[in-house]
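This report refers to the structure that appears directly beneath it.
Letters A, B, ... mirror the listed sequences (proteins, then strands); counts begin at 1.
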Amino acid sequence: MGLSPSSAPMASGRRQYPFHLIEPKWQRAWEEQQTFRAWNPGEKIPPNHPFARRHRLPEKPATAAELPRKFYLLDMFPYPSGAGLHVGHPEGYTATDILARYRRACGFNVLHPMGWDAFGLPAEQYAVKTGQHPRQATAANVANFKRQIKSLGFSYDWTREVNTTDPGYFRWTQWIFLQIYNAWFNPETKRAEPISTLKYPADCVSEEQKRAYRDSQRLAYVSEARVWWCEELGTVLANEEVIDGKSEVGGFPVVRKPMRQWMLRITAYAEKLLQDLNTIDWSDSLKEMQRNWIGRSEGAEVEFEVADFKSADGKPIRIPVFTTRPDTLFGATYLVLAPEHSLVSPRPLGIIPYVWPTTDMLPPENTGTYRGPVPADVVQLYRMAAASKSDLERTELAKEKTGVFTGAYAVNPVNKKEIPIWIADYVLASYGTGAIMAVPGHDTRDLEFAQKFHLPVIQVVAPPAGQDWHGFVGDGVAVNSESGDISLNGLPTPEAKQKITAWLESKGLGKKTINYKLRDWLFSRQRYWGEPFPIVWKRDTQGHLYHEALPESALPVLPPELTDYKPTATGEPPLARAQDWVNLPGGSQRETNTMPQWAGSCWYYLRYLDSQRSQSFCGPLVEHYWMGGPTEGLLLRPEQWANRVRELIAYARSQPASGKRFITFGTVGPAEAQRLREATGLEVEGFRRFLDDQAIRHILSGHGDARTETPRGSIAVTEADFLLIPEVISQPDHVAYGGRTSQGKDAILYEKQVDGFLYCVEEVRDSNRLLAVKTMYKRKTTGARALSGLDQTSETHRRSGANTPDSATAVKPTPGVDLYVGGTEHAVLHLLYARFWHKVLYDLGHVSTPEPFFKLVNQGLILGEDGQKMSKSRGNVINPDDILAEYGADAFRLYEMFMGPLEMVKPWSTKGVEGVYRFLGRVWRLFVDEPSETAFEQNCTAEPGRAGEFLEKVQLSGAIQEAEPTPAQLKTLHACIKKVTEDLDGLRFNTALSALMVFVNEAMTWPTKPAGVMRDFLILLQPFAPHLAEELWAKTEATLNTSRSALSYAPWPQFDPALLVEDTLEIPVQVNGKLRDVIRLPATATDDQIKTAALQSDKAQPFLAGKQIKKIVLVPKKLVNIVVGA
RNA sequence: GCCGGUGUGGCGAAAUGGCAGACGCACAGGACUUAAAAUCCUGGAACCCUAAAAAGUUGUGUCGGUUCGAGUCCGACCACCGGCACCA
């Protein structure tokens, strides 16, 4: 345990350096000085704090504009389990900590918080077993996690620590639930609105009717649906928590059970959750997982009439089906309903006839999986069988199709042919309409089914030549698709879809439809250890139960104290045991379900911003400072319609100049366009004329690819603005590196102030070649709204000197969390839920951005030394405490990063830890005086109790002097600065570290080590190995009597490219692409001189002799390739 | 089955289309030491020739292509890992 000086037995020999003294010493110092506090707007910063000194902040509460630019680094919210930290946890934490320290050095105001997602099942199960309150186990686990995390020396701002089980926290979780409860999704405006804006249908007259309607429209509603019940866990689970028919936690069996549950209407946001993925910088794989989970599919709903049967009022009965292939309608040879479909019951309520049909294409003896004298028997048999099957059986074992004929027929609307209606469990009740038209000719599942039950298969799509049409599911050309006034024959699939859909709509037989796989979020759990709902149940005059929200003043709703945490004997949740708590004066009763664990983690990143605030979940100015977007309007995405600057300018010039135009971006619908028009007073017509109609439709239909959506502040870009693009690019006030695009190209930002506006052009480059102008911003350079964003960026960077064309340290200001690092296990749960909550809060005006996490990186899994997943049963789990005791926190941090790229899966190797540990030892010996170090070790052996005191007496190496560095030394340093800086910007920690190693290997050979060079090196080392760097920094400062500034806020060094220029060129000489020689020339050599030298190269001669030289390829200062003939 | 990712020495890995294997581990040899540990220095892809070297040939999962030049770009395939999976 721990790092007390007396522990840490040395299994592998003597310590490389006294990390056991250094690390606790600096952790204590940081804590005492509150070194890593992140400061909010409005907070008074102590004038002696290194942050205030670095940024010369006045001694008064700082405004958002006075604070340097923000950088928000977030680690995924840990659940403090009893098992303690695992080496996988610190992988992400180390990466974010390195960046936090790096960004601080670059001059940012860095927010880097930590807290606890502490509600959860393990503590509750322990409570059920022992009768001890889950709070106790939770507190002990949190304390252990915190101790372990603190021992790694992360620069968290612990004053912002949050805990979801703290009433001061879950009060606001309950408050957000009330916001959701008291809102509905307005399909007109496409956003959540207060329930008070809801309009009631004409037939809602009485209070009861209105209430019922209101309750049916809320974003949080009660449903009696069949839900996943897990007997073992004693609770229901969300769809997402059930994997292969078992509970995700524990792998216990689950069954479907109808229960009254709270649901959140996440499906209303399906489209936004999907579209806005285009606005955030996440890995493709993660975005893809979310897209798949949302599962949007476009198609048509088609209505089939039931043949020879009408309902009681004499109207025909229509069965709507959903299909993505309306073009194959002529190939539909039967209909399939889910067994649970509401029409699957005997006539007259349903469609099942009393007797089997006699004259048809389907012999009555082929009724499918079951047989019986009348259809109702067979259907009943099948429905019972399907219901008793567990979902595991329905999915995994369902290789073999089952189903029964209902005895009824439907009429195909396109050709009036009668086709049989079946029921089968391969059709899901919960997707689409619960019914399909089966096209066995062009659908794999339908074909399997048709073959099993001898149903007709006909071709309606012709595949490309050489492919069999049976079961061909791709796009082709429609055939055999003609009847009456409609023919699809000869049309390619996409056109056939369009034509048939239009035809169906015109006849009132169907309509275009979009379906999502995403289901509403089951939000209640039958548990004790979770947030109670701020809801009570009452009875109306007729005795019907209804729910009502508690007022905000009743928050937080605390859970009652219990002695037994099990569900009641009647299966009610544990909260029902507390009758005094449940029953309120006046006869109402509290809701006894609790919220799922995801609730608290849906918004924790917002609580960090202002964790102590009691008036609201977060102060609005604080929220805007940390989460607000960079611009008032990001307006132009020219790649939508013109990909290159030249084309763009030519296009702009070809248009008649006609004043201001309104160009918008991204996901803007007609309603928002109207709002923008009102807000800006600009003509949308101008916009229409500027772009062609197709481009406008493209944008309005939501295909924009915007980074930011800020409806309240869009600004017009005029044609004149387009014409400024070349000027902004060629003569900018500032140039900044904008990071990598998803295609791996570099984005460069150019800023220039013209006539009171700040223009920013972002271009995308590949190998110094301009590919496209990506975006153009325009902002007013003055005004009250300059809270964050580009003006301030430039200001900050000018101050820190980081925003020069040669530097890669500048990053584009981003809305929301700047970087979120965590494992892939949250790809569709936490990350989808949190985005949903954030969007609701955004719509209701509580937060500034539509997306919470601008950039997200998944860390790769760390495997055991055997290359297998770490698990207790394999016995290959590495405990960080052991590694820390033996090698120290700095070595542990370094190794976590040195293993390989952050996102990759990689195996642990304790031997590898020794490598980076030795590196730290080399750094130590590079800086300290050897005799005094030897004396220190001897003294420590003699009197271990005074080790701390002896440490102070270790002298700085005499080789470190205030001296002018040689050009070679400067080159070594600046190469290191360049590499470390660029690699940190690109999250390439492993190669950044190797650059530090190269520097040390080099510096070890220097007889005199110039102090300036060595100090810069310590600043570079500091993010990676902060304890050792602080110790050596302190010794350097003390010995040389320099400024004694704080290392954590020392400005990040800038590299000078001029110093990296080689004076000798080493030019590889290739013949036909094969390396034959390397020649050395002075850097001043001209291209011709290089060519001549290459042709005269001795080693290349044999390959040139007697050959004809066809061509000489010369890459300036890099390489020569001589191409010769045969 | 569908989607995504990854394939480079004994191992972890590195390489804006331009000297493949930086950096580290492990290994071998040497220095220091009575000795060991630690430290410092040196070495190494394979093949083929050699006493030794030089030179040469082949090498980034497989097969093709583009290019003066491919680990890198394009096409087809194979293997492994992750996700989804009767979603019409």
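Asp468(A) meets the side-chain hydrogen bond (donor to acceptor under 3.5 Å, both in side chains) test with His470(A); sequence neighbours excluded. Taking Gln290(A) as the reference, Leu277(A), Trp282(A), Leu831(A), Leu832(A), Arg835(A) meet the side-chain contact (heavy atoms from CB on, under 4.5 Å) condition, with sequence neighbours excluded. Here Phe898(A) pairs with nothing under the ring pair (Phe, Tyr, Trp, His ring centres under 6.0 Å) rule; sequence neighbours left out. Annotation: ring pair (Phe, Tyr, Trp, His ring centres under 6.0 Å) contacts of His826(A) (sequence neighbours excluded): His830(A). Partners of Val905(A) by side-chain contact (heavy atoms from CB on, under 4.5 Å), not counting sequence neighbours, listed by chain and number: Leu861(A), Leu863(A). In this structure Tyr895(A) satisfies the ring pair (Phe, Tyr, Trp, His ring centres under 6.0 Å) test together with Trp908(A), sequence neighbours excluded.
Arg296(A) comes within 4.0 angstrom of no nucleic acid atom, judged by non-hydrogen atoms across all strands. Across all strands, Val998(A) comes closer than 4.0 Å only to sugar-phosphate atoms, never to a base (heavy-atom distances). Among the atoms of the strands shown, base atoms are found under 4.0 Å from some heavy atom of Lys517(A). No contact: Thr444(A) has no heavy atom under 4.0 Å from any strand. Using a 4.0 Å heavy-atom criterion, one finds that Phe1103(A) contacts the sugar-phosphate atoms exclusively.
Distance CZ (Phe919(A)) to P (rA13(B)): 20 Å, rounded to an integer number of Å. For the pair Lys1074(A) NZ and rG17(B) P, the computed distance is 23 Å after rounding to whole Å. Taking atom CG on Leu428(A) and atom C1' on rC86(B), their separation rounds to 7 Å, with Å as the unit.
Between Asn1001(A) and rG24(B), a side-chain N or O to OP1/OP2 separation shorter than 4.0 Å is present. Using a 4.0 Å cut-off, some side-chain N or O of Arg925(A) falls inside it from OP1 or OP2 of rC40(B). For rA14(B), the OP1/OP2 oxygens have no side-chain nitrogen or oxygen of Arg988(A) closer than 4.0 Å. Between Arg291(A) and the phosphate of rG4(B), there is no side-chain N or O to OP1/OP2 separation shorter than 4.0 Å.
Where pairing requires Watson-Crick or G-U contacts shorter than 3.5 Å, the helical stems of RNA chain B with at least three consecutive pairs are B:1-7 with B:78-84, B:10-12 with B:23-25, B:27-31 with B:39-43, B:45-47 with B:56-58, B:61-65 with B:73-77.
Syn is the glycosidic conformation of rG9(B), whose angle stays within 90° of 0.
Taking the six-membered ring for Trp and the full ring otherwise, Tyr887(A) and Phe892(A) have centroids separated by 6.0 Å or more. You'll find the ring centres of Trp924(A) and Phe19(A) outside the 6.0 Å limit.
Rounded to a whole angstrom, the distance from the C1' atom of rU33(B) to that of rC40(B) is 13 Å. Look at the P atom in both rA70(B) and rC63(B): the space between them is 15 Å, to the nearest Å.
Relative ring orientation between Phe999(A) and Phe1017(A) is described as parallel, the plane-to-plane angle staying below 30° on a 0-90° scale split at 30° and 60°.
No more than 12 heavy-atom neighbours from other residues, nucleotides or ligands sit within 6.0 angstrom of NZ on Lys1118(A). Within a 6.0 Å radius of NZ in Lys512(A), no more than 12 heavy atoms belonging to other residues, nucleotides or ligands are found.
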Would you list the protein and nucleotides 25-35 of chain B atom pairs, both N or O, that sit under 3.5 Å from each other?
| residue | atom | partner | partner atom | Å |
| --- | --- | --- | --- | --- |
| rC25(B) | OP1 | Arg918(A) | NE | 3.2 |
| rC25(B) | OP1 | Arg918(A) | NH2 | 2.8 |
| rA26(B) | OP2 | Arg918(A) | NH2 | 3.0 |

Could you go over nucleotides 72-82 of chain B and give all protein N or O partners under 3.5 Å, atom names and distances?
none

Could you pull out the protein-nucleic contacts involving nucleotides 64-68 of chain B (nitrogen or oxygen on both sides, under 3.5 Å)?
| residue | atom | partner | partner atom | Å |
| --- | --- | --- | --- | --- |
| rC68(B) | O2' | Asn1121(A) | ND2 | 3.4 |
| rC68(B) | O2 | Asn1121(A) | ND2 | 2.2 |

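The only member of Leu1095(A), Ile1090(A), Val1115(A) that meets side-chain contact (heavy atoms from CB on, under 4.5 Å) when paired with Val1120(A) is Ile1090(A).
Across rG18(B), rA14(B), rG24(B), the shortest atom-to-atom separation from the side chain of Pro901(A) is found for rA14(B).
For residues 856-868 of chain A, no residue pair satisfies the salt bridge (Lys or Arg N to Asp or Glu O under 4.0 Å) rule, not counting sequence neighbours.
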Extract all donor-acceptor atom pairs below 3.5 Å that involve side chains of residues 1072-1079 of chain A and protein atoms in other chains or at least two apart in sequence.
| residue | atom | partner | partner atom | Å |
| --- | --- | --- | --- | --- |
| Asn1072(A) | OD1 | Val1124(A) | N | 3.0 |
| Asp1077(A) | OD2 | Ser1097(A) | OG | 2.6 |

